[in-house]
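First up is the structure itself, then whatever we jot down about it.
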Amino acid sequence: MCGRFSITKEEEELEKRFAARFYSEVLEKRYNIAPSQESAVITNKEPNSIQLFRWGLVPFWAKDVKIGYKMINARSETIAEKPAFKYAFEKRRCLVIADGFYEWQKKGKIKIPHRIMIGDSELVAFAGLWENWKDEKGDWLQSFTIITTDAVPRIHHLHDRMPVILRREDEKKWIEEELDAEEAKNILQRPQTDLNFYPVSPLVNSPANDVAEILERVEPPGEPGELF
DNA sequence: CCAGACGTTGTT
DNA sequence: GTCTGG
DNA sequence: CCAGACGTTGTT
DNA sequence: GTCTGG
């Protein structure tokens with residue numbers, strides 16, 4: 001799955017990489033982006049701007065914003081049928097900008113966090129969906145979810161799910177208005193798979209630790225000299 | 001028909 | 001809003 | 001995802 | 001154990 005990720009590049013780099021602009025919004029470097037926080041997306045409605053939406057999709061029919069806590073990921077296999085994602089899959093797709101994400105490998109009782117990325121933390125786009133939601137006061141909230149798929153063999157020992165990292169040539173297509181469901185599914189079935197990873201400090205566990213230090217490689221606990 | 005859910009992950 | 005369960 | 005709270009009454 | 005907040 002994907003429950004934490006990063007964007008450790010400057011705004012200008014994002015703008016160049018995705019040929020889109022930040023308008024009113026400002027994004028600081030982020031090492032530890034957690035659900036319910038805002039992060040950078042590019043939507044099918046505004047493919048030339050980079051906007052900040054809340055992570056955790058709140059369906060337009062929701063009565064409570066809290067439902068978003070449960071909607072941080074959407075399974076690519078069932079996305080077209082699930083009531084919470086069906087509409088967004090047809091009408092509201094987006095690119096979720098990232099340059100790495102974190103997975104926790106369970107080993108017995110302990111959980112070892114790892115950083116996973118393409119190349120040396122290249123900027124990439126996760127396949128995402130977004131929604132508009134109006135609260136009881138009439139204020140609008142825009143939110144997104146990250147689509148997941150089976151983990152590639154290379155990282156399967158860490159976790160059996162991972163975000164769909166779009167092939168670069170699929171990014172534009174994913175947010176085209178005319179894209180039909182069949183082709184959208186095809187895109188989800190051919191993600192980037194050349195992932196690199198390394199263990200990082202448990203500092204990443206707490207979202208309060210949004211610091212560059214968590215990018216550093218550490219020796220995983222229990223190694224070397226592992227006896228069991 | 002109405003009521004209630006609407007999600008993912010992993011249970012080492 | 002739409003689907004599932006009762 | 002992980003961390004941290006998880007309750008009520010009544011109000012110094 | 002389960003929910004909320006970050």
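Just the heavy atoms: all of them, side chains too, but no hydrogens, waters or symmetry mates, feed the values below.
- Using a 4.0 Å cut-off between charged nitrogen and carboxylate oxygen, A:E178 and A:K172 do not count as a salt-bridge pair.
- Listed by chain and residue number, A:V152 satisfy the side-chain contact (heavy atoms from CB on, under 4.5 Å) test with A:T193 (two or more places apart in sequence, or in another chain).
- When heavy atoms are screened at a 4.0 angstrom cut-off, A:I110 is found touching no nucleic acid atom at all.
- Partners of A:E11 under the side chain to side chain donor-acceptor pair (under 3.5 Å) rule, at least two apart in sequence or in another chain, do not exist in this structure.
- Separating the P atom of D:dC2 from that of B:dT11 is a span of 10 Å, rounded to the nearest Å.
- By the side chain to side chain donor-acceptor pair (under 3.5 Å) test, A:T8 is found to be paired with A:D99, residues two or more places apart in sequence or in another chain being considered.
- One can place CG of A:L158 at 18 Å from P of B:dT12, the figure rounded to the nearest angstrom.
- The distance between atom CG of A:D160 and atom P of D:dC1, rounded to the nearest whole Å, is 11 Å.
- Taking the side-chain contact (heavy atoms from CB on, under 4.5 Å) definition, one finds that A:S36 meets it with A:R54, A:Y69, sequence neighbours left out.
- Protein atom CG of A:D150 is 11 Å distant from nucleotide atom P of B:dG10, rounded to whole Å.
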Which atom pairs link the protein and nucleotides 4-8 of chain B when you take only N or O atoms and keep those under 3.5 Å?
residue	atom	partner	partner atom	Å
B:dG7	OP1	A:P83	N	3.4
B:dG7	OP1	A:A84	N	3.3
B:dT8	OP1	A:R75	N	2.7

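- With sequence neighbours left out, the side chain to side chain donor-acceptor pair (under 3.5 Å) criterion links A:R167 to no other residue.
- DNA chain B lies under 4.0 Å from no heavy atom of any residue of residues 184-210 of chain A.
- Spacing between B:dG7 and D:dC6 at atom C1', rounded to whole Å, works out to 22 Å.
- One atom, CD of A:Q37, and another, P of D:dA3, lie 15 Å apart when rounded to the nearest Å.
- For A:R4, the listed nucleotide lying nearest its side chain is D:dC2; candidates were B:dT9, D:dC2, B:dT12.
- Look at the P atom in both B:dT8 and D:dC1: the space between them is 12 Å, to the nearest Å.
- A ring-ring contact (aromatic ring centres under 6.0 Å, His included) check over residues 5-30 of chain A, counting only residues at least two apart or in different chains, returns the pairs A:F5-A:W55, A:F5-A:F126.
- Between A:K134 atom NZ and C:dG1 atom P the separation is 12 Å, expressed in whole Å.
- For residues 202-216 of chain A, the side chain to side chain donor-acceptor pair (under 3.5 Å) pairs, not counting sequence neighbours, are A:R30-A:D210, A:W104-A:N205.
- For E:dG6, the base has a donor-acceptor partner in the side chain of A:S36 [N/O atoms by modelled type, under 3.5 angstrom].
- Residue pairs meeting the side chain to side chain donor-acceptor pair (under 3.5 Å) criterion with at least one partner in residues 70-91 of chain A, sequence neighbours excluded, are A:E77-A:R161.
- When the P atom of C:dT2 is taken as reference, atom NZ of A:K91 falls 13 Å away, rounded to whole Å.
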Please list every donor-acceptor pair under 3.5 Å in which a side-chain atom of residues 135-143 of chain A meets a protein atom from a residue at least two apart or in another chain.
residue	atom	partner	partner atom	Å
A:D135	OD1	A:K137	N	2.9
A:D135	OD1	A:G138	N	3.0
A:D135	OD1	A:D139	N	2.8
A:Q142	NE2	A:N132	OD1	3.1
A:S143	OG	A:V58	N	2.9

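- Remark: P of B:dG10 and CE of A:M162 are 13 Å apart, rounded to the nearest angstrom.
- Checking E:dG5, D:dC2, B:dG10 against the side-chain heavy atoms of A:K66 singles out E:dG5 as nearest.
- A:P35 comes within 4.0 angstrom of a nucleotide base, judged by non-hydrogen atoms across all strands.
- Here the closest non-hydrogen pair linking A:M162 and A:L195 is SD-CD1, 3.5 Å.
- In this structure, A:F60 reaches the sugar-phosphate backbone alone: every heavy-atom distance under 4.0 Å involves primed, P, OP1 or OP2 atoms, never a base.
- The strand DNA chain D forms stems, runs of 3 or more Watson-Crick or G-U wobble pairs with distances below 3.5 Å, at D:1-6 with E:1-6.
- Atom CG in A:N32 sits about 12 Å away from atom C1' in D:dA3, given to the nearest Å.
- Residues A:F89 and A:L188 are in side-chain contact: their nearest non-hydrogen atoms beyond the backbone lie under 4.5 Å apart.
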